[in-house]
Trainee: 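Okay, handing you the structure first.
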Amino acid sequence: MKVIRIKEGKERSLLRRHPWLFESAISKGGGDPGETVRVESAQGEFQAWAAFSPQSKIRARVWSFDEKQRIDAAFFTQRVMSAIRARTRFDIRSDGLRLIHGESDGLPGLIVDRYGDTLVAQFLSAGAERWKDVLAEALLAETGLSRLYERSDASARGLEGLPEVSGWLRGEGPTGLVLREHDWRLGLDIAQGHKTGFYLDQRDSRKRFADYAARLKFQRVLNCYCYTGGFSVAALAGGAAHVTSIDSSGPAIEQARANVSLNGFDLARTEFLDADVNASLRRFVEEGRTFDAIVLDPPKFAPTVAHAERAARAYKDINRLAFKILEPGGVLFTYSCSGGISADLFHKIVASAGTDAGVDGYIHERMGGAPDHPMTINFPEGEYLKGLVVMRKG
């Protein structure tokens, strides 16, 4: 077993059971991509078993802090079983759910979503890649399914020195699927869509938006960065009179339109714009066009803290424009999925946007990812999705 030694004092995060070890913390030692290494303190004391990644700034990701633990096929089978069985205790009202959420489930670099009878996995770290076949077999055995599609095409693979890979890993079949979420049906394409094909993490937020629409009787809803129209369907399900949906992806807009029809709603109650959100918001300000409910669910502006300052300006700009076209008494559901933007910083950004727009508002709720995208006590980075529900003061 290969050993890596960490610098004096750098064991503190490991003692707190944090699973990442950065390049700058290592004094000597190494291994092959994904190889399990023994992590020791500067004095030679055992700290953890970890997967080594020679090209990543996160040089090692911890599998276990137990010195007696063997990192073998049985270990990964047990971790997969534990994560999947935990989901049976969560309140998930959908046949689309996240089964494995990386570090939060003790499997760094592995993301697995289930859409009905199909699994979609992302192997995003050198360690997950090295154990891919074992993990695939464990996933199919625990779920009793036979179809597993790989979407290891995220940019994170490049940071690990891994090529992008996509395609059927086990089984075969169509990649266009339909999932059930609450009382709705939502179509997606696991081969082409963002992430594994859909934003499962916003499941609960979509339901809350539908509840707000029903209670406050929204007339004019604006869904920005609408993707495949999940919030648009939620608004219509809640009784919204009209929904305008904007995204810069033509295929996403077409799927959003199809999802509206799939749920039996009249397309006359909708408008779909294949356009840039910022430009559209500015045009609405100039035209004096207003809405009584707005959703801002943009893509990741800040993947790391290093990008936070530039991302903060982008988040502030879209929120400032949204406040300008939000009716008094109207509701803004605004989100950041950037790991580099903390919940506290996001609140400050939205507050600053309101000040610049000359708007104040009540914060009704703080939103986060659905429970199958958990944050754990020892891994606060799991809280990547932050949201605020703001009602503009009249």
Side-chain angles (χ1 to χ4, degrees), residues 1-31 34-53 56-72 74-87 89-90 98-112 122-131 135 138 156 159-160 201 304-305 339-340 342-344 368-369 371-386:
M1 182 66 66
K2 293 179 182 177
V3 175
I4 59 174
R5 285 279 179 96
I6 54 179
K7 298 175 182 177
E8 186 75 40
K10 293 297 184 179
E11 73 279 0
R12 292 170 186 162
S13 65
L14 295 175
L15 293 174
R16 294 195 302 269
R17 296 297 190 263
H18 193 281
W20 289 352
L21 190 62
F22 288 89
E23 175 189 13
S24 59
I26 298 173
S27 62
K28 65 178 180 179
E35 183 177 7
T36 299
V37 296
R38 177 186 171 97
V39 181
E40 294 182 348
S41 68
Q43 291 74 36
E45 299 167 330
F46 173 84
Q47 300 295 308
W49 299 114
F52 193 75
S53 182
S56 175
K57 289 188 179 298
I58 304 175
R59 194 52 55 93
R61 289 176 167 83
V62 173
W63 293 130
S64 174
F65 294 97
D66 180 0
E67 187 173 6
K68 297 178 181 178
Q69 178 72 64
R70 292 189 61 180
I71 309 303
D72 55 14
F75 167 82
F76 291 103
T77 298
Q78 179 60 41
R79 284 283 168 93
V80 167
M81 181 179 69
S82 177
I84 292 176
R85 293 185 181 181
R87 269 60 181 174
R89 300 181 63 83
F90 298 165
R98 175 147 297 180
L99 297 181
I100 309 288
H101 192 54
E103 282 82 352
S104 295
D105 287 305
L107 291 166
L110 178 64
I111 299 296
V112 183
Q122 294 181 305
F123 301 87
L124 303 178
S125 68
E129 177 70 19
R130 190 179 183 97
W131 289 95
L135 289 165
L159 301 176
E160 295 283 309
D201 51 4
T304 68
V305 174
S342 68
D344 181 60
D372 49 337
H373 295 64
M375 172 184 65
T376 63
I377 294 171
N378 297 321
F379 189 67
E381 290 86 348
E383 188 186 19
Y384 67 96
L385 180 61
K386 285 79 59 173

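Index from 1, following the sequence. Values reported hereafter were calculated over all heavy atoms of this structure, with side chains retained and with hydrogens, waters and symmetry mates removed.
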Trainee: Find out whether Leu135 and Val112 are in side-chain contact, i.e. whether some heavy atom of one side chain is under 4.5 Å from a heavy atom of the other.
Mentor: no
Trainee: Below 4.5 Å, heavy atoms only, C-beta onward: do Phe22 and Ile58 meet side chain to side chain?
Mentor: yes
Trainee: Side chains of Ser27 and Glu40, heavy atoms from C-beta outward: is any pair under 4.5 Å?
Mentor: no
Trainee: For Glu11, which residues count as a salt bridge (charged side-chain N to carboxylate O under 4.0 Å, His left out) partner, sequence neighbours excluded?
Mentor: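 Glu11 satisfies salt bridge (charged side-chain N to carboxylate O under 4.0 Å, His left out) with no other residue.
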Trainee: Between Arg98 (side chain) and Asp201 (backbone), is there a donor-acceptor pair under 3.5 Å?
Mentor: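 Not confirmed, Arg98 side chain does not pair with Asp201 backbone.
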Trainee: Could you tell me whether the side chain of Glu381 reaches within less than 4.5 Å of the side chain of Glu103, counting heavy atoms only?
Mentor: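 No. Closest side-chain heavy atoms not under 4.5 Å.
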Trainee: Nearest heavy-atom pair of Lys10 and Ser24: which atoms, and what distance?
Mentor: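 Closest pair (atom of Lys10, atom of Ser24, distance): CE-O, 4.5 Å.
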Trainee: Establish, from distance only, whether the side-chain atoms of Glu160 and Ser56 form a donor-acceptor pair under 3.5 Å.
Mentor: yes
Trainee: Any non-hydrogen side-chain atom of Trp63 less than 4.5 Å from a side-chain atom of Phe76?
Mentor: yes
Trainee: In terms of ring plane angle, is the pair His101 and Tyr384 parallel, tilted or perpendicular, where the classes change at 30° and 60°?
Mentor: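 Tilted: the ring planes of His101 and Tyr384 meet at 30° to 60°.
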Trainee: When rounded to the nearest 0.5 angstrom, what distance separates CD in Glu67 from CH2 in Trp49?
Mentor: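 Going from the CD atom of Glu67 to the CH2 atom of Trp49 covers 6.5 Å.
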Trainee: Ser53 side chain to Ala126 main-chain N or O, any donor-acceptor pair under 3.5 Å?
Mentor: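 Side chain of Ser53 to backbone of Ala126, a donor-acceptor pair under 3.5 Å: no, none is there.
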Trainee: Is any side-chain heavy atom of Phe123 closer than 4.5 Å to a side-chain heavy atom of Leu110?
Mentor: yes
Trainee: Please state whether the rings of Phe379 and His18 are parallel, tilted or perpendicular, taking 30° and 60° as the class boundaries.
Mentor: tilted
